[in-house]
Amino acid sequence: MASSSLPETPPCVQIVIDLPGVGGVFDYQVPPHLMERVQVGSLVIVPFGERRVYGIVVAGSPSFQGRATRAIEAVLDERPVVTAAQIELARIISTETLSPLNSVLFAMLPPGLSQQADVLYTWIGPEEVDETRATEKALARLLKRRGPLRGRQIDAALPNRDWRAVARRLVRQGVLRADPVLPPPSVRPKIVRTAQLACSPEEIEAALPHLGRPGSAALARRQAMLRFLLQEPWPLDVTWLYAVSGGNLRDLERLAELGLIHLSETEVWRDPLEGIHPEGEPVEPLEFSEDQKRAWETICQAIHQVEHADVKPILLFGVTGSGKTELYLKAVAEVLSQGRQAVVLVPEIALTPQVVRRFLARFPGKVGLVHSRLSSGERYDTWRRAREGRLSVIIGPRSALFTPFDRLGLVIVDECHEPSYHQSETPPHYHAVQAAIAYARLTKSVLVLGSATPEVHLFYRAQKEEWPLLRLPLRVRVSRVVEGQTSRIETAPMPEVKIVDMRQELKAGNRSIFSRILLENLDQITRAGQQAILFLNRLGSATYVFCRECGYVLKCPRCDIPLTYHLEPQGLICHRCNYRRKMPDTCPQCASREFRQYGLGTERVERELFKVFPHLRVLRMDSSTSRPKGALDLILSHFSRHQADVLIGTQMLAKGLDLPLVTLVGVILADVGLSLPDFRAAERTFQLLTQVAGRAGRGPLGGRVILQTFQPEHYAIRYASQHDYEGFYQHELALRREIGYPPFSQLVRLEFRHREAEVAAHEAEWLAGRIRRWLAESGQPHCDLIGPAPCFYARLEGYYRWQIILRGDDPAAFLRAHLSELKDWRVEVDPPSLL
DNA sequence: AGCACGCCGACT
DNA sequence: GTCGGCGTGCTC
């Protein structure tokens, strides 16, 4: 270790390796010739078994016991790829989420830097193979056709085939060769060759006629190159010279030989923001409203205290359009002025050019952008520029938290309730807000969490731990500064929300999906040249079973959560306890025959709307119409230019778009989401309705929202209609306390997937039995096992899914002792959804 | 992950 | 008898 303070200890370090499934920490020796280069955080290559793998040094090894160790083979990057604080953060995330440390640590690197070890297979056997063995035949054909392939390539070519076992046999038989390989990083710095004049313009002019045979093409090319360089007397990317002259490297080399130019190589940064010019964006801070001023005092004070005291996270409680972004900008400016750095997390969908340009205008040259649509080279370069201190603000989705800043001072998580902050697709299943709380504490940074609808458990924690709560209850409109004038601050009222009881509509003989008042309003505002949005909550709508006459929802007799309707096997099921029953013919409460599931898509809404208002221009936005790349933006820009009167859409409509001509938002059926078998169903519905309601009346025309529902008395709908988050929160919290769900307990969700339904069910039953035994043995009094039951989405991508929920004081701690037995299970601590 | 080792049943 | 299935344990 270069900076080791213990020279008498053996030169050993602890290393975490990039092999899924090998989560441990291993000791390696630092050979003398690498002593100066190996540091905590270094990316190295080490021998592991018969292979070589990538690893990250996580610590020196003072506890070295004299055990046999092997030596580090190479160091890949002169600088550490993670900071000490990041390693500590990875440890915390690993412990909290029950994920192996290596999976967390390597998830912090830009994609392509570290590579997993693989095996290169080469066919060396005869042309003919055993025709009776299908897998063997397929493997041999593949390798003969495409030449040597890596294991990962074969996986892609032969899905669902157990070819590795076959390959092992073939290697033993001597017809197949298997060579371990370690791919080099797929990202590397971009180097361009540059040329620059090496002598005075006079000497160049003098040399111009003597660069080749008179009249030759080479002469003309070389002259063109020099003339261009005379106009641009600095190191110039040679591709420019090729373009203007039609020449190539041979010409340049000739000019270099003659001593007329210098050829050299320079690294260039790939910058996704290069083409973006934030003209028209304010460069100076905007004036604050009274609420913003109050909020700013707290944030500013925190920024100045944080290095000396443990500063609590700050909850910025404000609706969309309440001026949160301006506070973020000012906080970033304050932190930068102290020489520290800032990370701004934004949900991927909200990462619009407008947001980026606003930051870029205020902090030119200092802002880096992370985004899923960037090339891996752009990501890698942004990451390196941040590591080298060339950038000091990073904006991006959850992974941007892992920017290797060494003087972090501020973390902002905007719209912190957004589900995209939880990584659900691939392990490690962490939540960026949880991680940010830990990271801010570790790095002594200020953390600002912004949301109008914070998750109930977060708000509960904020209250309990007395986090500062900053309220921005009003929407602000800032008239842009006119020459020399100060900007004006106006506040806009929240839109009026009207609840329509659809049972009454039915009683009055209206069997349509639209209430009379919604139709009246639609007619009125479109006549006035304004626009409307019709929102349809699709999630789970086909499984939502209720009585159209009395609104009754059938619940599980054991769990008291709504039953859902499924086709396979047909009937009603409780996704909590696996209780099943057939669909009743009549409503159990009022005996009406109108008891059935509710299936409704945007196409149907469009058709029904056409029947009433054939003249209206209607746009439809759902996953099918916006599937093609760019279609979403196209539909939205079409609508915002008023080339349509009505926009019909699903969830994706709820996110922060600003459409000033929209004066009416209609929610076709507000209660759909309430019947989902998830204890957060009410919370999700409240959030969604609040966001959708926020779409109306963003402009000076004002606006109203119409919520159609069969459960007008439901608290989620009532509080959403009153824009009353805290009322909802109190109600929801009381319910959670009663039923013992978070924040009054912790959940761990265990999921198993298999292509065969019985195997999945069987494995789930088996594990449930084992867990019950572990619970009994450990005398764990405060842990319930819920399930096993099929997941709400019982089949996903061809896999049958079953789940087990553990609920208790600390089920994660209990499971930690049994992790090795959950190898094939997906484990989610604090799952964001139980579907 | 990959590869040993070791244990079992099914065929040359 | 061997081949090949797969459960278990190990890699510094």
Side-chain angles (χ1 to χ4, degrees), chain A residues 1 9-31 34 38 40 42-75 99-107 114-122 130 132-137 139 149-156 158-159 161-183 426-428 754 756 759 762-763 766-767 770 818-826:
Chain A
M1 298 279 294
T9 56
C12 264
V13 288
Q14 297 194 328
I15 286 179
V16 164
I17 63 177
D18 193 2
L19 264 191
V22 187
V25 178
F26 299 87
D27 290 318
Y28 282 87
Q29 246 163 290
V30 184
L34 294 179
V38 173
V40 168
S42 289
L43 182 63
V44 295
I45 292 179
V46 292
F48 190 73
E50 288 157 62
R51 290 177 291 177
R52 301 158 74 234
V53 296
Y54 285 87
I56 292 177
V57 177
V58 292
S61 192
S63 62
F64 176 60
Q65 298 297 309
R67 211 173 141 189
T69 46
R70 298 170 77 179
I72 293 173
E73 277 185 17
V75 180
S99 313
L101 180 59
N102 64 341
S103 74
V104 182
L105 205 52
F106 283 93
S114 175
Q115 303 271 334
Q116 282 162 21
D118 209 336
V119 175
L120 186 72
Y121 291 92
T122 314
D130 190 341
T132 58
R133 301 178 199 247
T135 305
E136 180 174 333
K137 196 179 135 194
L139 185 61
L149 291 179
R150 275 179 286 113
R152 242 169 282 276
Q153 295 173 293
I154 302 175
D155 280 334
L158 305 176
R161 267 222 161 92
D162 187 18
W163 61 269
R164 281 172 202 273
V166 173
R168 212 176 320 132
R169 178 170 51 80
L170 295 174
V171 169
R172 267 205 303 279
Q173 291 172 358
V175 294
L176 185 66
R177 214 174 70 215
D179 305 296
V181 288
L182 190 64
T426 55
H754 202 277
E756 285 164 65
V759 179
H762 186 262
E763 169 74 21
W766 186 82
L767 182 66
R770 288 194 57 115
H818 302 280
L819 266 185
S820 59
E821 319 200 33
L822 298 173
K823 269 190 115 186
D824 302 324
W825 284 72
R826 169 198 271 260

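Lettering of chains follows the sequences in order, A, B, ..., and the numbering in each one begins at 1. On a predicted model such as this, the values are computed, not experimentally measured, just so you know.
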Can you tell me the distance, in whole Å, between the [atom1] atom of [X] and the [atom2] atom of [N]?
X: A/L19; N: C/dC12; atom1: CG; atom2: P; value: 11 Å
X: A/R152; N: B/dA1; atom1: CZ; atom2: C1'; value: 9 Å
X: A/Q116; N: C/dT11; atom1: CD; atom2: C1'; value: 16 Å
X: A/I17; N: C/dC12; atom1: CD1; atom2: P; value: 8 Å
X: A/I72; N: C/dT11; atom1: CD1; atom2: P; value: 18 Å
X: A/R169; N: C/dG4; atom1: CZ; atom2: C1'; value: 9 Å
X: A/D27; N: C/dC12; atom1: CG; atom2: P; value: 11 Å

Quick one: list whatever passes side-chain contact (heavy atoms from CB on, under 4.5 Å) with A/S103, sequence neighbours left out.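 Here the qualifying residues are A/S99, A/P100, A/P428.
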Residues in side-chain contact (heavy atoms from CB on, under 4.5 Å) contact with A/L822, at least two apart in sequence or another chain: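 So A/L822 forms a side-chain contact (heavy atoms from CB on, under 4.5 Å) with A/L750, A/L767, A/L815, A/L819, A/W825, A/V827.
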Starting at the 5' end of DNA chain C, which residue's closest nucleotide do you reach first, A/F48 or A/A165?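 Residue closer to the 5' terminus by nearest nucleotide: A/A165.
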Which pairs of donor and acceptor atoms, one on a side chain in residues 175-182 of chain A, lie under 3.5 Å apart (sequence neighbours left out)?
residue : atom : partner : partner atom : Å
A/R177  : NE   : A/D179  : OD2          : 3.2
A/R177  : NH2  : A/D179  : OD2          : 3.4

Between the protein and nucleotides 2-8 of chain B, which nitrogen or oxygen pairs are less than 3.5 angstrom apart?
residue : atom : partner : partner atom : Å
B/dG2   : OP1  : A/R164  : NH1          : 3.2
B/dG2   : OP2  : A/R164  : NH1          : 2.8

With A/H818 via ring-ring contact (aromatic ring centres under 6.0 Å, His included) - residues at least two apart: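 Per chain and number, A/H818 pairs via ring-ring contact (aromatic ring centres under 6.0 Å, His included) with A/W774, A/F814.
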Under the rule for ring-ring contact (aromatic ring centres under 6.0 Å, His included), what residues qualify as partners of A/Y121, not counting sequence neighbours?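 Testing A/Y121 for ring-ring contact (aromatic ring centres under 6.0 Å, His included), a comparison that skips the adjacent residues, returns A/W163.
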Classify A/Y28 by what it touches in the nucleic acid, base, sugar-phosphate, or nothing, heavy-atom distance under 4.0 Å.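 A/Y28: backbone/sugar contact only, no base atoms under 4.0 Å.
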Main-chain N/O of A/P47 paired to A/Y28 side chain as donor or acceptor, under 3.5 Å: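 Such a contact is found between A/Y28 side chain and A/P47 backbone.
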